[in-house]
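Just so it is clear, the model here is predicted, and its values are computed rather than measured. Order of the sequence lines sets the chain letters (A, B, ...), proteins ahead of strands, with each chain counted from 1.
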Number of protein chains: 2
Amino acid sequence: MQNLRFLTKDQISYIEKNYKLPFYVYSESELQKNVEDFKNFPSAFWHTTRFAMKANSNMNILKIFKNFWLKIDASSEYEVYRAISAWFYWKDIQISGQELSEDLEKLLNTWVYFVATSLNQLESIGKIKPGSEIWVRINPWLGSGAFTAISTGWTTSSFGIWHEYIPQIKEIAKKYGLKITKIHLHIWSENTPESWVNTANIWLEFVKEFDEVKILNMWGWFKMAIMPYEKTVDLQAVWNAVKEKIQDFYKKTWRKLHLELEPWKYMVINACNVLCRVVDIVDTWEKWYTFVRTNSWMTEMPRVSMYGVQEPIFTINNSKNTKKYVVVWHCCESGDIITCKLYDQEVIEERELPELFIWDILVIEATWAYNTSMSMKNYNSYPEAGEIMIYKDWTIKEIRKREKLEEIWRNEIY
Amino acid sequence: MQNLRFLTKDQISYIEKNYKLPFYVYSESELQKNVEDFKNFPSAFWHTTRFAMKANSNMNILKIFKNFWLKIDASSEYEVYRAISAWFYWKDIQISGQELSEDLEKLLNTWVYFVATSLNQLESIGKIKPGSEIWVRINPWLGSGAFTAISTGWTTSSFGIWHEYIPQIKEIAKKYGLKITKIHLHIWSENTPESWVNTANIWLEFVKEFDEVKILNMWGWFKMAIMPYEKTVDLQAVWNAVKEKIQDFYKKTWRKLHLELEPWKYMVINACNVLCRVVDIVDTWEKWYTFVRTNSWMTEMPRVSMYGVQEPIFTINNSKNTKKYVVVWHCCESGDIITCKLYDQEVIEERELPELFIWDILVIEATWAYNTSMSMKNYNSYPEAGEIMIYKDWTIKEIRKREKLEEIWRNEIY
């Protein structure tokens with residue numbers, strides 16, 4: 001058996017015996033380990049870690065984050081209500097959606113914080129609740145991503161208020177007496193201290209424009225290695241550099257800036273596996289490809305088909321030989337492949353794996369974020385897979401049941 | 001107001017007043033029109049039209065197809081049970097999945113037809129039910145698609161049994177006394193009579209190998225124009241050419257071959273619209289882009305983010321001026337755009353539209369297939385949108401209710 005990040009052979013046997021695969025399996029310890037990296041990292045005037053719950057919204061997971069004293073970023077009013085159901089306080093939730101909540105008036109009467117992501121949002125909130133405290137998200141024209149689809153903070157991005165509209169932000173704030181106390185920058189940064197310092201410089205320029213700003217939210221791409229060819233960011237190096245910048249700013253302006261972080265990949269990505277089975281092996285003759293078909297994929301893990309990312313695949317058997325495979329999935333859909341060329345989901349790629357047989361279990365690692373929450377649920381009428389948590393005390397608990405078939409059409413009227 | 005394919009201003013007003021957008025809106029008449037094109041087209045020895053229900057599985061829609069005397073292609077055992085719930089007969093359903101049903105034994109005792117898509121499937125079915133009638137799917141090494149992700153029937157495709165394994169198919173069939181009566185070819189053809197004749201030639205070569213084959217299933221890409229730059233296939237020309245081939249075959253062999261078709265795009269794609277609203281308009285300064293944010297998208301229509309296809313966008317207002325927009329959606333996700341470059345979902349593209357204002361209604365056409373069924377349901381915790389059917393007698397009926405928020409976490413255990 002290959003070396004897995006957190007699952008033991010006994011745990012796999014237990015899950016296999018008691019649940020119908022595929023299943024998501026989470027590790028509370030892995031989660032805690034990474035959360036602590038963020039709790040302990042250097043900051044000039046303390047910092048807050050905020051979890052963007054769109055990545056994974058199971059209530060049991062939200063409760064774990066609450067126990068770790070994390071706060072919440074919600075992308076819609078629905079996420080706000082979900083976080084509340086998981087016992088978060090209103091005041092620990094911010095909402096920063098593309099779409100202004102239809103319950104705006106109601107939500108403005110709670111303690112939830114609004115991040116205005118457009119001038120229109122700022123104006124609408126000002127009208128309903130003049131004089132209130134508000135946060136704004138600025139598109140800084142700065143960002144570098146592996147590819148355009150995930151690059152934010154650029155001319156091609158609709159997220160946040162374009163930085164050249166700062167005079168308009170000030171004007172609206174003045175008109176309604178809004179107090180802007182936090183600035184959000186949503187960038188897709190390189191993972192070097194230099195690039196983060198570069199970001200921090202631009203960021204502090206924006207802070208100078210707003211006298212009441214005391215918090216900086218720096219969403220970013222804190223790289224966590226998933227595949228062997230990847231490298232995890234050196235958090236300490238990055239943040240020591242940023243810390244220095246914030247201290248310099250303090251020396252010049254006497255303003256103490258609190259830092260807010262919204263990591264996702266680093267903190268969580270490796271804390272979940274999907275367990276599934278090999279259901280068939282076919283080939284297009286020896287001279288072409290051998291395909292492993294499994295009982296999972298775009299119905300559980302959509303990020304490959306969407307973005308062409310690669311994920312680690314482990315086999316649970318005693319094969320000594322290896323073989324080259326293209327791993328595909330159970331949906332009748334050409335995009336339903338996992339071993340694609342990096343960032344090119346339309347091109348298949350072979351992966352060398354221990355020789356596989358029908359009914360073998362596969363463990364797909366790094367499936368924590370944007371999988372349950374973004375999956376193409378019920379395609380080909382496959383019921384939604386369940387979720388299991390392995391807690392720190394080694395108890396194994398089902399945290400979401402596998403869906404029943406009839407539930408898929410429960411809202412149809414006939 | 002721009003010219004819509006089937007919605008009237010009154011219908012839009014009615015829907016807007018009575019339902020919370022976004023909503024899918026179907027037209028029974030549009031559906032019927034296209035189904036009839038298939039019923040009436042030329043075939044040598046009659047033909048059957050089969051609907052691949054993974055494209056859209058709402059029970060009300062399945063029932064309409066049943067009334068049109070269509071048969072069903074199911075991609076999983078779950079789809080079989082869903083078709084049965086919509087009153088289809090077992091004998092009118094074929095199952096042709098990548099994954100062999102876990103209820104195999106049970107299903108083999110019904111009248112459902114199995115299409116073996118691998119040698120392993122053929123063997124498993126033979127073991128349980130020797131002597132039965134079975135259909136096989138062959139990968140003919142033939143296909144041309146707009147891009148690789150949707151190309152099937154090639155060396156890079158795991159669908160069907162590779163054509164060079166015909167001797168092995170025969171061997172397994174002989175071993176278990178299986179009677180192979182239908183051959184499936186799953187190709188992605190050009191839409192010219194020449195290319196279909198080319199396909200038919202290869203196809204008839206396969207038929208010669210199996211004495212008992214009497215049905216040919218030719219799944220294919222019968223092009224229906226969606227965007228103004230597209231051209232609908234000339235069905236009559238294509239099928240007159242194929243008809244001739246089948247007649248020639250009869251003259252030489254005295255074998256009458258029944259034709260089976262599995263169209264999807266042609267038959268259904270234009271029979272549905274998504275109605276949604278403009279919720280915000282932002283820009284990255286005059287010199288860059290203007291973005292229209294709507295209250296819909298990857299949560300309802302995933303095909304753009306997945307494959308970079310383009311869809312028609314109509315506006316419901318009285319604007320006289322036009323303007324160039326990038327249309328984006330409500331999810332906090334960079335891939336959540338609609339106006340992308342054709343087949344390149346990572347590159348945004350502007351579209352000239354009548355000038356838009358917040359709260360305007362947008363009608364996105366051509367959203368029938370692979371939208372409700374393949375959508376990233378509940379991303380950002382948005383409840384699943386409902387569905388409405390406009391029947392031939394002009395009645396407007398809700399055929400699926402909008403999901404309630406609490407339903408999203410109904411299976412979580414906490």
Side-chain angles (χ1 to χ4, degrees), chain A residues 54 57-60 75-76 78-79 81-82 98-100 118 120 139 147-152 155-156 158 162 164 279-280 282-285 288-289 291 293 295 302 305-306 328 330 332 334-335 346-348 358 373-374 376-377 379-382 398-401 403 405 409 411-414, chain B residues 54 57-60 75-76 78-79 81-82 98-100 118 120 139 147-150 152 155-156 158 162 164 279-280 282-285 288-289 291 293 295 302 305-306 328 330 332 334-335 345-348 358 373-374 376-377 379-382 398-401 403 405 409 411-414:
Chain A
K54 65 173 177 285
S57 319
N58 186 302
M59 238 169 295
N60 297 278
S75 295
S76 70
Y78 304 106
E79 287 195 347
Y81 299 131
R82 207 163 172 180
Q98 286 281 82
E99 180 183 350
L100 203 52
S118 73
N120 164 62
N139 179 337
F147 46 106
T148 319
I150 51 171
S151 178
T152 57
T155 59
T156 53
S158 66
W162 183 244
E164 286 171 283
V279 293
D280 215 332
V282 302
D283 64 62
T284 47
W285 211 244
W288 300 107
Y289 302 100
F291 297 89
R293 295 185 190 166
N295 65 350
S305 311
M306 279 285 290
V328 299
H330 64 167
C332 200
S334 307
E346 288 157 22
V347 179
I348 63 171
I358 294 176
S373 63
M374 203 173 85
M376 284 96 166
K377 291 180 190 40
Y379 187 46
N380 287 198
S381 294
Y382 283 109
E398 194 181 10
I399 58 170
R400 188 162 45 90
K401 279 185 295 182
E403 193 179 28
L405 176 62
W409 61 77
N411 285 322
E412 294 179 9
I413 304 166
Y414 47 90
Chain B
K54 65 174 177 286
S57 320
N58 186 304
M59 236 165 301
N60 298 278
S75 296
S76 70
Y78 304 106
E79 287 195 344
Y81 298 130
R82 208 163 171 179
Q98 285 282 83
E99 181 182 348
L100 202 52
S118 73
N120 164 62
N139 179 337
F147 47 105
T148 319
I150 52 172
T152 56
T155 58
T156 53
S158 67
W162 183 244
E164 286 171 284
V279 292
D280 215 332
V282 302
D283 63 62
T284 47
W285 210 243
W288 298 108
Y289 301 100
F291 298 89
R293 295 184 190 165
N295 65 349
S305 311
M306 279 285 291
V328 298
H330 63 166
C332 201
S334 306
Q345 60 271 44
E346 289 157 22
V347 180
I348 63 171
I358 293 176
S373 64
M374 203 172 85
M376 285 95 167
K377 293 182 189 38
Y379 186 46
N380 287 198
S381 294
Y382 283 109
E398 194 180 10
I399 59 169
R400 187 161 48 87
K401 279 185 296 181
E403 192 178 29
L405 177 62
W409 60 77
N411 284 323
E412 294 180 9
I413 304 165
Y414 47 91

Visitor: Between B/Ser76 and A/Asn380, is there a side-chain donor-acceptor contact under 3.5 Å, judged purely by atom types and distance?
Guide: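 Short answer, no.
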
Visitor: Which one, A/Asn295, A/Ile399, A/Val279, leads in non-hydrogen pairs under 4.5 Å with chain B?
Guide: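 Between A/Asn295, A/Ile399, A/Val279, the count favours A/Ile399.
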
Visitor: Chain B: which of A/Tyr289, A/Trp409, A/Tyr81, A/Tyr414 shares the most heavy-atom pairs with it under 4.5 Å?
Guide: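 Option with the top pair count is A/Trp409.
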
Visitor: Only one of B/Glu398, B/Lys401, B/Met59 clears side-chain contact (heavy atoms from CB on, under 4.5 Å) with A/Glu412; which?
Guide: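 Exactly one option meets the side-chain contact (heavy atoms from CB on, under 4.5 Å) with A/Glu412, and it is B/Met59.
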
Visitor: The criterion is side-chain hydrogen bond (donor to acceptor under 3.5 Å, both in side chains); which residues satisfy it with B/Tyr78, sequence neighbours excluded?
Guide: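 Here the qualifying residues are A/Arg402.
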
Visitor: Who passes side chain to side chain contact (heavy atoms under 4.5 Å, CB included) against B/Val328, sequence neighbours left out?
Guide: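 In terms of side chain to side chain contact (heavy atoms under 4.5 Å, CB included), with neighbours along the sequence ignored, B/Val328 is linked to A/Gln98, A/Ser158, B/Phe291, B/Arg293, B/Val326, B/Ile337.
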
Visitor: If I measure from the heavy atoms of chain B, does A/Leu100 come under 4.5 Å with its side chain, its backbone, both, or neither?
Guide: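 A/Leu100 has no heavy atom closer than 4.5 Å to chain B.
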
